[in-house]
Amino acid sequence: MAGKSYKILLILTEFPPRIGGMQTHAIYLADRLHGKGHRIEVMTYRSCDPDMASEERLFDQKLPYPVRRVLSRIGYWHTLSVIEKRARSFAPDFIYASNVFYGMLSDSLKVPVICRCAGNDVLRPWIAYPFRRASRLVSHPGFEALLYDWFKRTNFPEWIEALFRRKRLELMRRSVAKSSLILANSLYTARLLSNEGYPGERVRVVSGGVDSERFGKKASSNGHLRKALRLPQDAFILMTACRMAPKKGLDFLLSSFKLLLKKIPDAHLVVVGEGKERGKCDRLCRTLGLDGRVTFPGRVPHEKIHEYFWASDLFVLASRECRNRVSGMKDVETMGRVLCEANAAGVPVVASRTGGIPSVVAHGDNGLLFAEDDRADFFRQVLRVRNDAGLAKTLVRNGLRRAEKEFDWSVVVERHEDAFSWFFR
């Protein structure tokens, strides 16, 4: 980028201290852009959880750039007006948004809007209330907190996705069309944008996002780590890490693991994460008699999750394509950041051939792929890693290389800057 620096207003709707893939992307990107000399401000959702407010304040105080937690999760048009007001004061060279819902700001502000697209913002636009009328009213913090609490207690019922579906899709498409440049997280996502009629010359594929140095520095022996994490010392440990949602294929993984024990009697499964499927997974484990053979550590902070990778012999991601029974909207793994993390941590990878996963895992190179929900193929690939030490070493070696050369944050930020420079050439 030849030293060029910009004023960037970052619309990073999901931001730490909450944990998740979008939050991880947000904090690493903001930190690295600031570290490269760009003047940035972050705008993000305000908290709907009073218990998080003090934690958020403490987190923000440690950052060397301002974070404004002022956006509504519900009132889309009101949120646009809040961003417009701040943008006119900050006068950025451009706006960077973590999803494709803010492209229309390019018209009202007369500045470029560069969006990241993770795919599911196109497949399942999460614009809660898409109407101008009463947008400010539904954005009131008290109303929003009550509604958000109800969503959580009712485990985000499926009919919510069907609500205002046509209008939400319309707004997403209008916003995509107005976006100045879109950075897609995979070839799969780039194809989704093409299907929406977005010109290919304004799409850049930027996969990955992992601190390969931190994930690659194993500080303790495997035995010490397993003891500290309360995992069996002598087991062949399979690990997965995900939000417990239907598309993650945990029911397939657990039922397959029960049968895999006949082939690998010393196997043990670790499922890191939380989500709406947790109760279902607990019940399935009891039904299958897997007590003591599966560990659920729950939600693990990102600063600690590398320890679970290091303690494991194999990382598995059994994602599948799902459709909401009410709305018909599709949910799919559009990239899989945990696969980049497994590569960086030096763990062999076995993953389903679905969505954007093949953009990250090349079969036989930095991992093995199996057909979605195909138990025989899943067994075949797991046993290849288990029984062929040479293959396992090759997958690890190639995974470490790709993590450093393709997925590392230094590379991701450089590709962002290249895209910025291309746009302002």
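If you read the sequence from its start, that first residue is 1, and numbering goes on from there. These values consider heavy atoms only, across backbone and side chains, with no hydrogens, waters or symmetry-generated copies.
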For the residue pair [X] and [Y], confirm or rule out a side-chain donor-acceptor distance under 3.5 Å.
X: Arg191; Y: Ser194; result: no
X: Arg402; Y: Asn343; result: no
X: Glu417; Y: His38; result: yes

Take a 6.0 Å sphere around [atom1] of [X] and say whether it holds more than 12 heavy atoms from other residues, nucleotides or ligands.
X: His224; atom1: NE2; answer: no
X: Glu213; atom1: CD; answer: no
X: Asp266; atom1: CG; answer: yes
X: Arg165; atom1: CZ; answer: yes
X: Lys405; atom1: NZ; answer: no

Is it true that a side-chain atom of [X] and a backbone atom of [Y] form a donor plus acceptor pair closer than 3.5 Å?
X: Arg293; Y: His268; value: no
X: Arg226; Y: Ala311; value: yes
X: Ser180; Y: Pro112; value: no
X: Arg202; Y: Ser179; value: yes
X: Lys247; Y: Val332; value: yes
X: Arg204; Y: Ala184; value: no
X: Ser175; Y: Leu171; value: no
X: Thr13; Y: Thr44; value: no
X: Ser312; Y: Phe315; value: no
X: Ser47; Y: Ala53; value: no

Using the ring of [Y] (Phe, Tyr or Trp, six-membered ring only), decide whether [X] places NZ or CZ under 6.0 Å from its centre and within 45 degrees of its axis.
X: Arg386; Y: Phe236; answer: yes
X: Arg168; Y: Trp126; answer: no
X: Lys4; Y: Phe420; answer: no

Are [X] and [Y] close enough that their ring centers fall under 6.0 Å?
X: Phe424; Y: Tyr6; answer: yes
X: Phe15; Y: Tyr45; answer: no
X: Trp409; Y: His25; answer: yes
X: Phe94; Y: Phe423; answer: no

Is the shortest side-chain heavy-atom distance between [X] and [Y] below 4.5 Å?
X: Arg18; Y: Phe59; result: no
X: Glu321; Y: Glu333; result: no
X: Ser319; Y: Ile357; result: yes
X: Thr79; Y: Tyr102; result: yes
X: Leu109; Y: Arg88; result: yes
X: Gln381; Y: Leu383; result: no
X: Phe252; Y: Phe378; result: yes
X: Val206; Y: Asn185; result: no

### Task
Mind jotting down which residue pairs meet the salt bridge (charged side-chain N to carboxylate O under 4.0 Å, His left out) criterion with at least one end in residues 104-122? Sequence neighbours excluded, please.
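Sorted pair list: Asp107-Lys178.
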
What's the shortest heavy-atom distance between [X] and [Y], and which atoms?
X: Ala30; Y: Ile40; result: O-CD1, 3.3 Å
X: Ile237; Y: Leu231; result: CD1-CB, 4.0 Å
X: Pro130; Y: Phe164; result: CD-CD1, 3.5 Å
X: Phe309; Y: Ala345; result: CB-CB, 3.5 Å
X: Val349; Y: Ala342; result: CG2-CB, 3.6 Å

Does this structure show an ion pair linking [X] with [Y], if we count only N-O contacts that are shorter than 4.0 Å?
X: Arg173; Y: Glu170; answer: no
X: Arg214; Y: Asp408; answer: no
X: Asp331; Y: Arg323; answer: no
X: Arg353; Y: Glu372; answer: no
X: Asp418; Y: Arg415; answer: no

### Task
Give the intermediate values and the outcome of salt bridge (charged side-chain N to carboxylate O under 4.0 Å, His left out) for residues Glu144 and Arg73.
CA-CA 8 Å; Glu144 189 169 291; Arg73 290 178 179 272; 5.5 Å; no

### Task
Show your reasoning for whether salt bridge (charged side-chain N to carboxylate O under 4.0 Å, His left out) applies to Arg320 and Asp373.
CA-CA 7 Å; Arg320 58 158 74 102; Asp373 281 339; 3.0 Å; yes

#### Entry: Pair Arg380-Asp377, salt bridge (charged side-chain N to carboxylate O under 4.0 Å, His left out): steps then yes or no
CA-CA 5 Å; Arg380 188 179 305 116; Asp377 199 12; 2.8 Å; yes

### Task
Run the numbers on Arg286 and Asp291 for salt bridge (charged side-chain N to carboxylate O under 4.0 Å, His left out), then give the verdict.
CA-CA 6 Å; Arg286 289 194 295 271; Asp291 292 342; over 6 Å; no

